[in-house]
*Asks:* 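Below you'll find the structure I mean.
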Amino acid sequence: MTPVHFTFSSAFILGLTGLAFHRTHLLSALLCLEGMMLSLFIALSLWTVQLGSTSLCAAPMLLLAFSACEASAGLALLVATARTHGTDHLQNLNLLQC
């Protein structure tokens, strides 16, 4: 395993463990998801550069576009949750109640 591969794998795993174990606030969960998406973006970008293929150069940009859409939807949910519940604690949210 190369040091670059280890770095991006550990960044992804760190975001995944942060998402799994520290779910107290919605904002921290969104930041963990964003860190995971950015590590995937950089890894996919370096992979296409290493292959030297021009047919795969659109894949990192597509991933970045989906990541931006995910971030905007997450921030919209954060604002809506903060307005209705007054906090972004995930323990206070109950999906069974309207």
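Bear in mind that the values here come from a model prediction, so they are computed numbers and not experimental data.
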*Asks:* For a quick test of reading the model, state the closest non-hydrogen atom pair linking C32 to G18 and the distance between them.
*Replies:* SG-C, 3.6 Å
*Asks:* If you measure from OG1 on T81 to NE2 on H25, what distance do you get to the nearest 0.5 Å?
*Replies:* 13.5 Å
*Asks:* Please name all residues satisfying side-chain hydrogen bond (donor to acceptor under 3.5 Å, both in side chains) with S67, sequence neighbours left out, ordered by chain then number.
*Replies:* E34
*Asks:* Is any side-chain heavy atom of C57 closer than 4.5 Å to a side-chain heavy atom of T48?
*Replies:* no
*Asks:* Rounded to the nearest 0.5 Å, what separation is found between the CZ atom of F8 and the OG1 atom of T2?
*Replies:* 9.5 Å
*Asks:* To the closest 0.5 Å, what do you measure between CG (L46) and CG (L51)?
*Replies:* 11.0 Å
*Asks:* Find out if a path of hydrophobic residues (ILVMFWY) with successive side-chain heavy-atom gaps under 4.5 Å connects L40 to V49.
*Replies:* no
*Asks:* First locate atom CG of L31, then atom CG of L38, and finally report the distance between them rounded to the nearest 0.5 Å.
*Replies:* 10.5 Å
*Asks:* Would a 4.5 Å heavy-atom cut-off, applied to side chains only, mark L75 and L78 as touching?
*Replies:* yes
*Asks:* Atom OG of S72 and atom CG of L77: how far apart are they, to the nearest 0.5 Å?
*Replies:* 9.5 Å
*Asks:* As an exercise, state the distance from CG of L16 to OG of S10, rounded to the nearest 0.5 Å.
*Replies:* 12.5 Å
*Asks:* Given a cutoff of under 4.5 Å between side-chain heavy atoms of I, L, V, M, F, W and Y, with clusters grown through shared members, what are the other residues clustered with F66?
*Replies:* L62
*Asks:* Is it true that V4 and F41 fall in one hydrophobic cluster, defined by side-chain heavy atoms closer than 4.5 Å?
*Replies:* yes
*Asks:* Measure across P3 and T7 and return the closest heavy-atom pair with its distance rounded to 0.1 Å.
*Replies:* O-OG1, 2.7 Å
